[in-house]
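Basis for what follows: all heavy atoms, side chains included, without hydrogens, waters or symmetry-related copies.
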Amino acid sequence: MTLSAGTETTVNTKITGPQAGATITTLSDGRWVETWINAVGSDNGNEGGVRSQIFNADGSKSGSEIAVYTSYNLVGSVTTTALANGSWIVTYEWGPSDRTYYAPDAIVHQLYNSNGTPNGSPVTTGLDHYENLGNATVEMLPDGGWLMAWQDVPIGQSDISLQRYNSSGVKVGEKVTVNTETYATQETPDIAVLANGGWVVSWAHAQQGSSAVYVQAYNADGTTNGGEKKIVGLPEAYWPNVEYGKVSQSSVVALDGGGYVVTWTGLVVGDTDIYYKMFDAQNNAIGGQQKVDPTRFDSQRNADIVALDNGGFVIVWESNAENTTEGIYDIYTQAFNADGSKNGAPVLVNTTTDGDQIDARVSALAGAGWVVTWTTGQLRETDVKQKVFHLVNDAPTGTDNTIDFVENTQHAFTVADFGFSDFNNNKLAQITITEVPGNGALTLDGVAVTAGRTLTVADIADLVWTPAENTSGDGLGSLKFTVKDDGGTVNGGVDQDQSANTITFDVAHINRAPAGTDATLTVLEDHSHTFGAADFGFSDGPDETIVNTLDKVIITGFETSGTLTFDGTTVTVGQVINATDLDKLVYTPLAGGHGTDG
């Protein structure tokens, strides 16, 4: 499919001070919401503001920015996740005002109604602990509830915690620790809810001298589905040359059919790259780990991933591989087909190139689309940008074809006759007859078809061409047509073949049986008769349209008082004689014989 890109736009209304760390989610009605940190210049002029903006499905802003949090307390990373009926949830890391260093302690979540008004009050997780909480992630469940996972940081280590909520925001059970390995640091959790109602949590494990990426699968009732699975790490980290302690930043997304894809950042001989690995519904790996962009070197990092409604998925990341300014990053996106193959090459997202382009996040839109948001700028003057992409339908193609059959019969068409093919794996929707054969009759269910007629796939079985009676020959008739797929024309897609193809009919001639003619030959006494072609009165069939000549004579029987010989040898019943050899066929009556007995 062809990639169609929209225009880069600015998300935030306020344009002074750092606006950064945006996240994005698409609502059930096609709108989307972006949430970010207004690090300086919140409503009271202090650090720690969190803002949201709703966008309509066409990309226009819906109302003004929403002040999620406006206090002076410190704020860390934020997330935004769609829930049922057009509602959503925002989470952010929060630290009390009496802290003397920047280390948010708790995670706060706030529910919002579909109209952007708060649904209840903010809920805080973690202030009853002596550890710091961070890197929260939320995913909606099929029953309207949701899961929240985060990084729990007690002294000397960190774990991944998981809490389930019902659709009213009430906790379901107690939080659980996801990771089995509890030594050192577990970080950057992510959640994917699978087609069977279960889910998968991914995270990165880091300790001095080693690192790994893990997943843990769960059943729909919250019980674990097997143990934690190491996706990459020692000893796998040696391939392809991923060094010790250098895999991080995991993300996971569910795919159609119950499988999922995990991404992470890995250091490869001094360069960082984005990797991905696919798994089926039984948690079995589909092939090995792959680089998202093997053509670029230097630093690729901080990936995000989303599944599309066409069965494929998209990965976005930041890269400084082609920026001419040292240490300055750009944003790239790569689309993938449902089988994990790449749909085209990586595409540069940002139009703005002044300053860093970092912290890319992505959310899916209807019609194989997605919207990317990121932070742009430098130091304390940054903005949040966004750009919309769609994979648009490419035109299908038909195929020229030659169909052979014999005269005085007809050809009933099949779908295969039109040679439909589509790069996007769409299906044939209809054909349009642009030119009918000049010979015979093209009919649909017995009614004549004229040029310009459009036929559905179901119609094709009733389409018949009947050549004129007793006509034959190569190219006796031809039909021209175009094909149309079911991929539609949304966002500039093309569903109709732009050039006609031709079906040519080669009609084989049917040879009619020839006829001979009874004849009486007069031979003089004591003489012989040498035969010729005229003696047999050859004529072709009455409906024969092609002039044939005598080829052979078959002796089916004879009564003679003399001898019938071929090349001096007595002829036998059933003997075949070529027309060119008839001068070797001789009748000789008995000596002295005469009359009509021979």
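For the residue pair T333/W370, the side-chain donor-acceptor check at 3.5 Å is satisfied. Counted by atom type alone, Q357 and T376 present one or more donor-acceptor pairs between their side chains at under 3.5 Å. S341 and D339 share a donor-acceptor pair across their side chains, judged by distance under 3.5 Å alone. Side-chain atoms of T81 and T25 include no donor-acceptor pair closer than 3.5 Å. For the residue pair K385/T351, the side-chain donor-acceptor check at 3.5 Å is not satisfied. Side-chain atoms of D159 and T177 include no donor-acceptor pair closer than 3.5 Å. Side-chain contact of W374 with E318: a donor-acceptor pair under 3.5 Å is absent, judged by distance alone. A donor-acceptor contact under 3.5 angstrom links the side chains of S77 and E93, judged on distance only. In summary, the side chains of D152 and W150 do present a donor paired with an acceptor at a separation below 3.5 Å, with no hydrogens or angles considered. With hydrogens and angles left out, the side-chain atoms of D293 and T295 include a donor and acceptor closer than 3.5 Å. In this structure, a donor-acceptor pair under 3.5 Å is absent between the side chains of T272 and T265. Checking Q19 against N12 by side-chain atom types alone, no donor-acceptor pair falls below 3.5 Å. A donor atom on one side chain and an acceptor atom on the other are not found under 3.5 Å apart for T125 and Q163. Counted by atom type alone, T137 and T79 present zero donor-acceptor pairs between their side chains at under 3.5 Å. For the residue pair T23 / T35, no side-chain donor-acceptor distance below 3.5 Å is found, with atom types taken as modelled. A side-chain donor from one of S319 and Q300 sits under 3.5 Å from a side-chain acceptor of the other. With hydrogens and angles left out, the side-chain atoms of N424 and D394 include a donor and acceptor closer than 3.5 Å.
In this structure, Q282 contributes its side chain and G259 its backbone to no donor-acceptor pair below 3.5 Å. Checking side-chain atoms of Y276 against main-chain N and O of G340 turns up a donor-acceptor pair under 3.5 Å. In this structure, the side chain of D422 engages the main chain of N425 through a donor-acceptor pair within 3.5 Å. Panel note: side chain K427, backbone D486; no donor-acceptor pair is recorded below 3.5 Å. Between the side chain of E65 and the backbone N or O of T13 there is at least one donor-acceptor pair closer than 3.5 Å. Without hydrogens or angle criteria, N393 side chain to G488 main chain gives a donor-acceptor distance under 3.5 Å. Judged by distance alone, with hydrogens and angles left aside, the side-chain atoms of N179 form a donor-acceptor pair with the main-chain N or O of I160 at under 3.5 Å. Between the side chain of Q430 and the backbone N or O of D485 there is no donor-acceptor pair closer than 3.5 Å. Side chain of K277 to main chain of G287: no donor-acceptor pair is present (N/O by atom type, distance under 3.5 Å, no hydrogens or angles). Between the side chain of K291 and the backbone N or O of D273 there is no donor-acceptor pair closer than 3.5 Å.
Here the closest heavy-atom approach between residue F313 and residue L255 is recorded as CD2-CD2, 3.9 Å. Scanning both residues, V392 and S4, for their nearest heavy atoms gives CG1-CB, 3.7 Å. When all heavy atoms of K342 and F336 are compared, the closest pair comes out as CG-CE2, 3.6 Å. Taking each heavy atom of M148 and I107 in turn, the nearest pair found is SD-CG2, 4.2 Å.
Heavy-atom contacts from other residues, nucleotides or ligands closer than 6.0 Å to CG of N196 number more than 12. Residue N85 qualifies as open at atom CG: its count of foreign heavy atoms under 6.0 Å is 12 or below.
Distance check, rounded to the nearest 0.5 Å: CG of D359 to CZ of R301 gives 8.0 Å. Separating the CD atom in E139 from the CD1 atom in I191 is a distance of 6.5 Å, to the nearest 0.5 Å. Going from atom CD of Q386 over to atom OG1 of T10 covers 9.0 Å, rounded to the nearest 0.5 Å. Between the CG atom in N119 and the CG atom in N113 there is a gap of 4.5 Å [rounded to 0.5 Å]. Atom OG1 in T26 sits 6.0 Å away from atom CD1 in I24 (nearest 0.5 Å).
At a threshold of 4.5 Å between non-hydrogen side-chain atoms, the residues V262 and Y275 do not count as touching. Residues V292 and T263 form no side-chain contact, since every pair of their non-hydrogen atoms from C-beta on lies 4.5 Å or further apart. Within the 4.5 Å cutoff, the side chain of I274 has no heavy atoms near those of the Q249 side chain. For the pair F279 and V252, the minimum side-chain heavy-atom distance is 4.5 Å or more. Counting heavy atoms from C-beta on, the side chains of S52 and V90 come closer than 4.5 Å. You'll find the side chain of P189 reaches within 4.5 Å of the side chain of N135, heavy atoms only. You'll find the side chain of E34 stays beyond 4.5 Å of the side chain of T80, heavy atoms only. Here the side chains of S62 and F55 are not in contact, with every heavy-atom distance at 4.5 Å or above.
A parallel orientation is assigned to the rings of W203 and Y214, their planes being inclined by less than 30° (bins at 30° and 60°). Classified by interplanar angle (parallel below 30°, tilted 30° to 60°, perpendicular above 60°), the ring pair Y165/H109 is perpendicular.
For the salt bridge (charged side-chain N to carboxylate O under 4.0 Å, His left out) test, no residue two or more places apart in sequence or in another chain qualifies with D256.
Remark: R164 fails to qualify as a cation-pi partner of Y218 under the 6.0 Å distance and 45° angle criteria applied to the six-membered ring.
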For the pair S158 and E187, evaluate side-chain hydrogen bond (donor to acceptor under 3.5 Å, both in side chains) and give the outcome as yes or no after the intermediate values. CA-CA 7 Å; S158 67; E187 59 188 10; over 6 Å; no
